[in-house]
2 protein chains.
Amino acid sequence: MGIVRKTKSLELVLNEFRCEKTAISAIELIKRLYSKLNKTTIYRILENLEDDGVLHSFLGQEGVRWYAMCHNCSKSKHNDLHPHFECVNCGKIDCLNLEVNIPNIPNRKVSSSQILIQGKCEECYDLK
Amino acid sequence: MGIVRKTKSLELVLNEFRCEKTAISAIELIKRLYSKLNKTTIYRILENLEDDGVLHSFLGQEGVRWYAMCHNCSKSKHNDLHPHFECVNCGKIDCLNLEVNIPNIPNRKVSSSQILIQGKCEECYDLK
DNA sequence: ATGTTATTGCAACTTTGTTGCAATAACAAA
DNA sequence: TTTGTTATTGCAACAAAGTTGCAATAACAT
């Protein structure tokens, strides 16, 4: 459906993404905004922001949904084919601004792909 | 923990994978074996078979877990880094026997990756 | 200032998966 | 074959993540 009205709830959710350059899981958002917003509201705002091309979502290793700011997306088209990187040490996930080449596959029509790369992020890599 | 005893339940689960070349979701297995096995038993057998390197698991688009036969895996090491292909038309998922090159990423240590490719499978592609 | 309707909060529900525990079944040893 | 040990199973209850229906509230166009 997309966002129609500018509400306080919407601002609270958007603010979390403004302060943060990495992705945020729905669960984490619910925890952060616990005292201010109901989880149903949060899920609905996330869905609307995704419809509008403001956020994109993907699944982390544990099967929970994460959200991150879009860069070149619009209401009509999501360009969120970049891979995501999940740190096995601190759990943080962020978007990787790089292209991974998906080869053609005989007799199949590829329409999209999701790539989750695991490893140690910058900070955790430096620690050891 | 891995499989220790050869039980009827184990045989029932393994049979499903013998008849099937594609992956099977835990949910689908529970439906198929509904009258014969408890879902708890099925989850436990799947876990044990994965520990043993007989099956590997991954998440499908909807966040549910799928299982497929391993080919070169053992108790000590899983080699399940191949991509999986999910048909957007019929919902089937199977393993792709191909390598996708994950580029090096500065300051990060990549340890593994999960790739889910979406599109139309052989059968659904031919239909149209 | 007012009327319309999008948004919110709440409670109840759904789906997928997990846990504890007593009963049962594999199977090694006698 | 019988017996004893313990892995496996089924059940019920739980848990986490997300969804739905509905009445109350808040945006905002007029």
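Side chains included, hydrogens not; waters and symmetry mates left out as well; all remaining heavy atoms used. Numbered from 1 within each chain, the chains take letters A, B, ... in sequence-line order.
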With a non-hydrogen cut-off below 4.0 angstrom, is [X] in contact with a base, only sugar-phosphate, or nothing?
{"X": "A:Ile45", "result": "sugar-phosphate"}
{"X": "B:Ile30", "result": "nothing"}
{"X": "A:Thr40", "result": "base"}

Worksheet item: When you check the phosphate oxygens OP1 and OP2 of C:dT8, does a side-chain N or O of A:Ser9 lie under 4.0 Å from one of them?
Response: yes
Discussion item. Quick check on C:dG9: is either OP1 or OP2 less than 4.0 Å from any side-chain nitrogen or oxygen of A:Thr41?
Written reply: yes
Taking the minimum atom-to-atom distance to the side chain of [X], which one of [options] wins?
{"X": "B:Lys8", "options": "C:dA6, C:dA26, C:dG9", "value": "C:dA26"}
{"X": "A:Ile27", "options": "D:dT8, C:dT4, D:dA17", "value": "D:dA17"}
{"X": "A:Lys6", "options": "C:dT8, D:dG10, D:dC28", "value": "D:dC28"}

Fill in: Same cluster (ILVMFWY, side-chain, under 4.5 Å), A:Leu37 and A:Leu46
yes
Between [X] ([atom1]) and [N] ([atom2]), how many Å, whole number?
{"X": "A:Glu47", "N": "D:dA17", "atom1": "CD", "atom2": "P", "result": "19 Å"}
{"X": "A:Lys39", "N": "D:dA16", "atom1": "NZ", "atom2": "C1'", "result": "8 Å"}
{"X": "B:Glu11", "N": "D:dT8", "atom1": "CD", "atom2": "C1'", "result": "15 Å"}
{"X": "A:Ile42", "N": "C:dT8", "atom1": "CD1", "atom2": "C1'", "result": "12 Å"}
{"X": "A:Leu46", "N": "C:dT7", "atom1": "CG", "atom2": "C1'", "result": "15 Å"}
{"X": "B:Asn48", "N": "D:dT8", "atom1": "CG", "atom2": "P", "result": "6 Å"}
{"X": "A:Asn38", "N": "D:dT25", "atom1": "CG", "atom2": "P", "result": "15 Å"}
{"X": "B:Leu59", "N": "D:dA16", "atom1": "CG", "atom2": "P", "result": "18 Å"}

Worksheet item: For DNA chain C, whose closest nucleotide is more 5', that of B:Val4 or that of A:Leu10?
Response: A:Leu10
Worksheet item: Are a donor atom and an acceptor atom from the side chains of A:Gln114 and B:Gln118 found within less than 3.5 Å of each other?
Response: yes
Worksheet entry | Sub-4.5 Å side-chain heavy-atom contact between A:Tyr67 and A:Ile24 | no
Worksheet item: Does A:His84 reach the side chain of A:Leu96, with side-chain heavy atoms less than 4.5 Å apart?
Response: no
Discussion item. Any N or O donor-acceptor pair under 3.5 Å from the base of D:dG18 to the side chain of A:Arg44?
Written reply: no
Discussion item. Using only modelled atom types and a 3.5 angstrom limit, is any donor from either the side chain of B:Arg65 or the base of C:dT16 paired with an acceptor on the other?
Written reply: no
Worksheet item: Donor-acceptor pair, A:Glu16 side chain versus A:Leu29 backbone, under 3.5 Å?
Response: no
Discussion item. Pick the closest DNA chain D nucleotide for A:Ala26 and for B:Thr7 by heavy atoms, then say which residue is nearer the 5' end.
Written reply: B:Thr7
